[in-house]
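Quick one: this structure, given as structure tokens, is what I'll be asking you about.
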Number of protein chains: 2
Amino acid sequence: MGSARVTASDVAKAAGVSQPTVSRVFSRSTSVDPEKAERVRKVARELGYIPNLVARSLNSGNSFRIGIVLAYLKNGFFSEALHRLSKALNAKGYSVTVYFAGNSADEVNAIVDDLLADRVDGIVLASISLSNTLVSRVRNSGIPCVLFNRGQSDPKTSMVTASNFDGGKRATEFLIAAGHKRIAHLAGWREALNGVERMQGFLAAMQAAGMEPAACTDCHFRRTVAMQETRRLFAQPQVPDAVFVANDHMAFGVLEVLREELGLRVPQDVSVIGYDDAPMAAWKTFDLTTVRQPLNRMIEATVALLLGEIQGENRKPEKVEIPGQLVVRGSARIPVGWHDAEKEAVAGCQRPDPTGARK
Amino acid sequence: MGSARVTASDVAKAAGVSQPTVSRVFSRSTSVDPEKAERVRKVARELGYIPNLVARSLNSGNSFRIGIVLAYLKNGFFSEALHRLSKALNAKGYSVTVYFAGNSADEVNAIVDDLLADRVDGIVLASISLSNTLVSRVRNSGIPCVLFNRGQSDPKTSMVTASNFDGGKRATEFLIAAGHKRIAHLAGWREALNGVERMQGFLAAMQAAGMEPAACTDCHFRRTVAMQETRRLFAQPQVPDAVFVANDHMAFGVLEVLREELGLRVPQDVSVIGYDDAPMAAWKTFDLTTVRQPLNRMIEATVALLLGEIQGENRKPEKVEIPGQLVVRGSARIPVGWHDAEKEAVAGCQRPDPTGARK
DNA sequence: CTGAAAGCGCTTACAG
DNA sequence: CTGAAAGCGCTTACAG
């Protein structure tokens, strides 16, 4: 029962045309007599005919499905990215299948098999915890693939990232300009290029200022690890007066430890800067100064790159790096006379008005 | 190029067997000579053969795909649900395709068409904003469907919810027992049964205690609306001394307004209770007392119901209601002698130890 | 246990 | 513009 069983042949019979003609009406590949087409559409509507994409997939070779590989959704930046990426791909006629990749190699391999078996037309790898094995297996499969927010040294795969080095550098410069003397960095993950680049930006800024990092430790992009590291750092005789955290997700945990456990005031006692501008960063509860990853533009670029590879003439892999701006909120002290300087610094960005982001 | 193009016929030729035999090895429908099967597997591995699920779908009639319809992922309870549901369904051999349903009728209708065109084997409707049109169109399509955390009066569709009436009642009783006199309820959405039932539980508890609600307003399950309502309520001459909020997502916003904007202390000045036990509720930043929706059990039930309908003999629609327990944290005053009473009250639940949830 | 045959519901050259 | 035919890569009775 139900309209799902009606086929093109049923419609053809009822409309007095051949089955390929029905097909032509719905795939608008070749032109069909307008009058006849209208009749077909009418009959199809009455019968509740909806073309079977599975059948179309089989002989066209396109499944019109994109696979998105993620680690988890606890990080609000990723759930927001999934939502928008999904909407953007739907708008282009693709449906989106999600695959959650844990950390074990077996699991990751199983996911590649699933992706291949499902015959997705393209893949977005948005998982932080991707092993290089996964990336190379996917590349070998010949399925178009874009790394989203997860740079990789391999130059044969397309990727879309923010300007991580630059972002890390500017966040650090902001802290230095505000007069902080003991600046710590809670880094992402040494295996993930985006974390590494943010850290390198941090180190470059510190070195340029002739300053020694108060700390610089790997937190695996994990909230609980960052919280533990914060406890450790602030249990030492010499505590930091500012912390640059490699993403907002960890920064929320850092703020929690500082305020709730240690009773410190932010930013009076310690400044905190995150990375991403996840939706929650704007909540007054966190009011987190952070480096924005321009999600919309990253998604546009990802979709363009992916569909370019799928539909276009075998394009070259491309590395797209999108500049992000520092979003100044209440969690970090503001350097004296910062406004003017910053206006200059972000002149090349799309949203040059820093006050607009302060809300 | 790449292994994606290798077909069963290629493997058959290379292994010196017929194509159906290769098929049998991989679908293990009929038995195959063990030695021959091993040879086929070996050749397949060498050639990088992976069965094409699209082709399998076309003639088996099963796509091995489940569609999940969501409104958005900003609410952490939903993103967590998506993650776990996805893992659970993957474990059963299904891949998961996501569909984001906005609020416009056109959009919702387009999604139904997509679901039907994609020939998903089953559907989980987890969106709060589902119109009844969507539900009935899906039901008419004959595709097995389960409403997740979204009750509906229509008795012909399976659904999995928490015991919303009971949860709302118990949260309210907890506030009453703690001595609160002016208790407000920021309700979910009058069009969504789960919100309505929580509200009815609230009203029932108030009535049983002979108390008048300080307020009871519909907030559409939207954080910003709940925040606005909080501002309004606390601008009145008679302010509430406790607020029961219909979900955690809104409660986080309520806490923010109370603490950051109004400078109130929680729970000294006002108690707050939420609903869901979203992951963030346990963060010390929020420390939110809430009614847990037992996600794992809800997901188990959803998967069981859905696969039962897909694989089993046309089952009857079923309404599964899973009891949830009050998770006591710091955002609401604790009634004197509450422990003993509560132990009794939750005796029927799976996790009868309320202290275990306090962390 | 296994091969030849038919068919799942479409799309796409191929003739007209 | 349009129908008859072949085929996408499998699964599934049907004979052996």
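As a basis for the values below, the full set of heavy atoms in this structure was taken, side chains included, without hydrogen atoms, waters or symmetry mates. Each chain gets a letter, A, B and so on, in the order its sequence line appears, and its residues count up from 1.
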Next on the checklist: What does the 5'-to-3' dot-bracket notation of DNA chain C look like when only Watson-Crick and G-U wobble pairs under 3.5 Å count, and pairs to other strands show as |?
Outcome noted: |||.||||||||.|||

Checklist entry - Of A:Arg56 and B:Pro34, whose nearest nucleotide on DNA chain C comes first from the 5' end? => result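 Checking each residue's closest nucleotide, the 5'-ward one belongs to B:Pro34.
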
Checklist entry - For B:Asp33 and A:Leu58, take the nucleotide of DNA chain C holding the closest heavy atom to each; which residue's nucleotide lies nearer the 5' end? => result B:Asp33

Checklist entry - Any ion pair linking A:Lys42 and A:Glu46 (charged N to carboxylate O, less than 4.0 Å)? => result yes

Next on the checklist: Quick one about A:Arg84 and A:Asn296 (side-chain donor to acceptor, distance below 3.5 Å, no hydrogens or angles considered), yes or no?
Outcome noted: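 A:Arg84 and A:Asn296 do have a side-chain donor-acceptor pair below 3.5 Å.
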
Next on the checklist: Any side-chain to backbone donor/acceptor pair from B:Asp118 onto B:Val120? Under 3.5 Å, distance only.
Outcome noted: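 Not a single qualifying donor-acceptor pair exists.
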
Checklist entry - What is the distance from atom CZ of B:Arg150 to atom CG of B:Leu70, rounded to the nearest 0.5 Å? => result 13.5 Å

Checklist entry - For residues A:Asn109 and A:Arg137, is any side-chain donor paired with an opposing acceptor at under 3.5 Å? => result yes

Checklist entry - Rounded to whole angstrom units, what separation is found between the CZ atom of B:Arg5 and the P atom of D:dC8? => result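 In whole Å, D:dC8 P and B:Arg5 CZ are 13 Å from each other.
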
Next on the checklist: What is the distance, to the nearest angstrom, from the CZ atom on A:Phe26 to the C1' atom on C:dG9?
Outcome noted: 14 Å

Checklist entry - C:dC8 P sits how many Å from A:Leu53 CG, rounded? => result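 Taking atom P of C:dC8 as the reference, CG of A:Leu53 is at 19 Å.
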
Checklist entry - CG of A:Asp118 versus P of D:dG9: gap in Å, rounded? => result 17 Å

Item to check | Test item: side-chain donor near acceptor, B:Thr97 and A:Thr97, under 3.5 Å | outcome: yes

Checklist entry - Does the B:Ser63 side chain pair with the main chain of B:Ser57, one donor and one acceptor, at a distance under 3.5 Å? => result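 Side chain of B:Ser63 to backbone of B:Ser57, a donor-acceptor pair under 3.5 Å: no, none is there.
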
Next on the checklist: Is the distance between the ring centroids of A:Phe100 and B:His83 under 6.0 Å?
Outcome noted: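 Yes.
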
Distances under 3.5 Å between protein N/O atoms and the N/O atoms of nucleotides 3-7 of chain D, please, pair by pair.
residue : atom : partner : partner atom : Å
D:dG3   : OP2  : A:Ser18 : N            : 3.1
D:dG3   : OP2  : A:Ser18 : OG           : 2.5
D:dG3   : OP2  : A:Thr21 : OG1          : 2.6
D:dG3   : N7   : A:Arg24 : NH1          : 3.3
D:dG3   : O6   : A:Arg24 : NH2          : 2.6
D:dG7   : N2   : A:Asn59 : ND2          : 2.7

Item to check | Distance in angstrom units between A:Arg119 CZ and C:dC10 P, rounded | outcome: 21 Å

